[in-house]
Each structure stands twice: as structure tokens, then as C-alpha cells.
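Just so it is clear, the model here is predicted, and its values are computed rather than measured. Numbers restart at 1 for each chain; the letters A, B, ... are given by sequence-line order, proteins then strands.
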There are 2 protein chains.
Amino acid sequence: MEESWKTAHADLLAALSSQEMAGLFRCARRRCVARGAPVFEAGDDAGEIFIVSSGCIKLYQLSPGGKEIILWFAFPGEIFGVAESMRGVPREISAAGKIASEILAIDRKDFVEFLRSHPEAALRAIGILSARIRTLGSSLVELSADDVETRLVRLLLRFSAGSLRPPCSASRRPGEVCMNLDLTRTDMASLVGATRQTVTTMLVRLQRDGIVRAVGRHLHLPEPARLTLMCDRGVG
Amino acid sequence: MEESWKTAHADLLAALSSQEMAGLFRCARRRCVARGAPVFEAGDDAGEIFIVSSGCIKLYQLSPGGKEIILWFAFPGEIFGVAESMRGVPREISAAGKIASEILAIDRKDFVEFLRSHPEAALRAIGILSARIRTLGSSLVELSADDVETRLVRLLLRFSAGSLRPPCSASRRPGEVCMNLDLTRTDMASLVGATRQTVTTMLVRLQRDGIVRAVGRHLHLPEPARLTLMCDRGVG
DNA sequence: GAGCGGGTGTCGGCTGGCCGACACCTATGT
DNA sequence: ACATAGGTGTCGGCCAGCCGACACCCGCTC
């Protein structure tokens, strides 16, 4: 019954029979990715697409100035590396393991052939890409309209809401949600388009106000509803 | 021979036989959109997807604070309104005519059926969405890494490079490109994530430096190469 | 246990770009 | 001819957030 670890991006395989899935996986190569190790980098040939089987992959892009901007994380079940691959252009973004991970690599031509012969899967893929477009679009809007605090709060909500992983075992008060993907402040800064220092300061303030609670190495949100409220105020 | 008016987003129909295209268009309703008139708005039911047949449609999103952020423009041949429609959720963005336009509306279920029965078209659609993902991703990176001037220059290049429309008839010096989609300063500001005033100031400076040239109501870029250079400097 | 590297908290100075305000200039319709 | 509306140029005040710098803390390896 606990299906909620899946994200909106993840359901490519859901519509397939186990037989079809096996067909796709037959041409997949299993690959290990160490923490911090690159899967691909900007400029590489985009000959493969990937599926995360365990761990977490960081997708990021370097600005011309060398600053690293994290676009999103790919969790187990999600596909990544699709955009450039399906257009036949070199990689524009980079991917690396956030933690030690295991992924499946599939040749572009195999994947294309698979989509061609499985229209349902192609429609799924369209749905996944659509979701990603909306995520990016909204990030864009946030970035140019909200201040850092709001963006940060939204980030916290996003990464706890879906409960991408099982919640931590630490004591939780009723209603409290757990953000157990432990991001460094630098990661958060890079996700939110701010500096490490600013993020630190904001988080300290949020803790002081009882809006977030530090539990061991990660964070809890005692009153998610209050945070949601914080984000939506704007016009009034 | 002059095919270059098409954009990367536009080639959904390219792979189809004229017969297949006719099949798709049979279930399309032709619709006129006045300048400034809405096609759909955030919150609406996303029951249709659209194809621009003439004119130009502005796709934008309102921030909670009411600020309008332009995500992109859809030009003749391009499809829009796909993302929400393919996921079965209400519209999150809004669309309105930038100028008087004509569009085709297709019911979601007809479009899905079409994709299901035309795998090539589905693959095309995936390519189009992929391109859009990359565009949005890059905008995100720019927005959080570059200053307003750089972003503005990049915008000018983007909208002149593809020569989305035939160049203007005014005299052009050799090598000079024409940006004949006349955006207001406010539009540019909203595309670039800045205020109208800042954009104005920047543009005046760029004109003073001979980097852009005002021709009647729109702009020319005498030395596009120099602009490209401006954007790429960063690390060095 | 010394040394080191990566993550964190904090401070002050500086500034890009936001905000509000105002004057001007062209269309457009009446 | 006038009015109204939308687009443009410019100014000064102001502040959120950037930048550089430094001190601390923890876990790691040699």
C-alpha cells in the first residue's frame, strides 16, 4: 500500500507488462556510480538514456562562469538523460551520483525502437517530459518572482512532500514530515539560485522560528501547512 | 529554399504524410485570437492542445504575487498547451495572442489517439518537448548565474538568430541581423526576469555602444558575433 | 594524534537592480 | 482637435543578497 515513494516523473514503466519490461531491460547495461562520480558531462555524446535503479543521481548544469546549478535529482525508477538523447545533440547538462547508486543504461536506438513499438510507453514518456517542463517552468517563475526565503521553503516542502524515501526512524511529532534526503547547504543554494551563506542564514532563522527542526543530520518540518501558507501569500 | 523560419519546436508535422496530416486536421477547429485575447488561463480545464497557424501566441505564468513571467512564444507551426493536457491536470500557465492570430484546437483525446496510432509523430512530440526542456533549463541557469545585461543580450540573439520571420525590408549593413518580432521593453523584462526600467537602461547603453541599432520600431544587431562573444566570456 | 578536507555559522562592506515617481511621446479612436 | 492609453526614458533612494574572510566542528586517513 505504501506506493508514495514514486514521483510524478517515475511512472514510465508502470503501463508495461512485465514481459515488455523484460524486453526493454534485456538491452540495458547495469552500471555502478560511486558518490560524486560522473555519469555523463556536458559535451559528451548523448548515446544512451538511463534509469535509476538505486541511489540518487544529481542532474546539473554549469553556467559559463563555472557556477553549478542543480536542475533536479533522479530517484529510483526515474529516467534521465532523455532530452538531449532524443534530439541527437551532445549533452548540455551533467549527471553525477549524489550517493553511491546503480543505474541502467540503454542505447538510444534501442530506446527509440522500444518507444516506436510500444505506443503506450511513448505516451507515458510524453507525460513524464510534460511534468518536467512544468517543474522547470515553475522554478523559473519562482526564481524571478520570489525572494530566497520563499524559494527555500518551497524547496523544503517539495523534497518532503512526496516522501521520496521512507521517513526516518527518529521520533516525529504528529503531522511532522521528514526531509531525509540530506542536502548540504551548498546543494540547497544551488537548487534555489542563491549563495551558501544566504541559505545558512535563512535556515537558522527558520529554526529559531520553529518552522524547521534539526534532527540529527537532517531536517523535519513540524507544521507543513504553515509553510504552504507562507508560500502562497503574495497578493493577499 | 528559405526554410529557416521554422523553429526547433515546430517540426511536429514534418514527418507526416499529407494524408496523415489531413486526418489530424479533420478533428481540428480553427479559431481566431485577437491581440491580447486569452486562449486559456491558469485553472482552466486542459482539454485541448493547439497549433499556431498564423500570428504569435504568448505563453506566460503568473507568480503568486501577480507578476507576469513570459515562458516563451509559439510561432506558426508550433504546438502549445501540451504539457498540462497530456497529464490530465488543469492549466498552470496562460496563453494569449501577442498579435491577432489564428490557431487550430484539437481535443486531447483525439490528439492522444493520433499519437497512439502514429508512433513517428509521438517520437517527434518527444523531441519537441525535449527541446523545450533544454530551453527552460538553460533559462534557469542563466537567470541564476548571469546579470541582466548578459541575459538581455542572449535574448536579442535568440530572437534574431532563428529568423523566425522574414527580415525587415529596411536597409541592412552586411552581416547585420534583424530582430523584427517587436517586443516591448516590458515584454523583454518579463522574459528575462528583470524590471522594465532596468531593461530600458541597458538597451540605451547597448545602443550608445553601437551594439544594437534602432530601426524604426524594432532593433538590428550590427555585429552578432560580438554579442555571442559577450555572452560566452565568463571563466575566460 | 596530527593533519586535513568538507561542511557549517557569522560578520561587514558593497552594489546590482528593484521601486516609485514623473515627464514625454506616439497611436488610436471620437 | 482632444482625450485616453500604452509605450518609453530617467532619476534617486534603498535594500536583499552577493562576496570575501575567518573560525569552528566533525570525520577521515596516515
### Query
Which of residues 139-147 of chain A sit near DNA chain C, with a heavy atom under 4.0 Å from it?
none
### Query
Taking DNA chain D as the partner, which of residues 188-199 of chain A come within under 4.0 angstrom of it by heavy atom?
Gly193(A), Ala194(A), Thr195(A), Gln197(A), Thr198(A)
### Message
Using five base pairs at each end to define the local axes, how bent is the helix from dG1(C)-dC30(D) to dT30(C)-dA1(D), to the nearest 10°?
### Response
40°
### Summary
For Ala96(B), the side chain to side chain contact (heavy atoms under 4.5 Å, CB included) test, sequence neighbours excluded, returns Tyr60(B)
### Message
Does either side chain, that of Thr198(A) or that of Thr195(A), offer a donor lying less than 3.5 Å from an acceptor on the other one?
### Response
yes
### Query
What is the distance, rounded to the nearest whole Å, between atom CD of Gln207(B) and atom C1' of dT8(D)?
11 Å
### Task
Tell me, please, which residues at least two apart from Asp44(A) pass salt bridge (charged side-chain N to carboxylate O under 4.0 Å, His left out).
none
## Note on the structure
The side chain to side chain contact (heavy atoms under 4.5 Å, CB included) partners of Asp147(B) (sequence neighbours excluded) come to Glu149(B), Thr150(B)
### Query
For Cys178(B) and Ser160(B), which heavy atoms make the closest approach, and how far apart are they?
O-CB, 3.8 Å
### Query
side chain to side chain contact (heavy atoms under 4.5 Å, CB included) with Ala189(A): which residues, sequence neighbours excluded?
Val199(A)
### Message
Just to verify, what does Arg226(B) make a salt bridge (charged side-chain N to carboxylate O under 4.0 Å, His left out) with, not counting sequence neighbours?
### Response
Glu223(B)
#### Entry: Spacing of Leu203(B) atom CG and Ile211(B) atom CD1 [to the nearest 0.5 Å]
11.0 Å
### Query
When rounded to the nearest 0.5 angstrom, what distance separates CD1 in Ile99(A) from CG in Leu181(A)?
7.5 Å
### Query
Which class fits the ring pair Phe73(A) and Phe159(A): parallel under 30°, tilted 30 to 60°, perpendicular over 60°?
perpendicular
#### Entry: Nucleotide interval of DNA chain C bounded by contacts with chain B (heavy-atom cut-off, under 4.0 Å)
dG17(C) to dA21(C)
### Query
Does the pair Val141(B) and Asp146(B) meet the rule for a side-chain contact (heavy atoms from CB on, under 4.5 Å), with working shown?
CA-CA 8 Å; Val141(B) 172; Asp146(B) 296 334; over 6 Å; no
### Message
For nucleotides 23-30 of chain D, give me one character per nucleotide, 5' to 3': B if any protein heavy atom sits under 4.0 Å from the base, S if the only such contacts are to the sugar-phosphate, - if neither.
### Response
--------
## Note on the structure
By salt bridge (charged side-chain N to carboxylate O under 4.0 Å, His left out), Arg30(A) pairs with (sequence neighbours left out) Glu102(A)
### Message
With side-chain contact (heavy atoms from CB on, under 4.5 Å) as the criterion, how do Ile128(B) and Arg132(B) come out once you've worked through the C-alpha distance, each side chain's angles and the decisive distance to 0.1 Å?
### Response
CA-CA 6 Å; Ile128(B) 292 172; Arg132(B) 213 159 280 175; 4.0 Å; yes
### Task
Go through the structure and list residues passing side chain to side chain contact (heavy atoms under 4.5 Å, CB included) with Arg134(A), not counting sequence neighbours.
Ser138(A), Gln61(B), Leu71(B), Ala83(B), Glu84(B), Arg87(B), Glu92(B), Ile93(B)
## Note on the structure
When rounded to the nearest 0.5 Å, the distance separating CG of Leu191(A) from OG1 of Thr186(A) is 11.0 Å
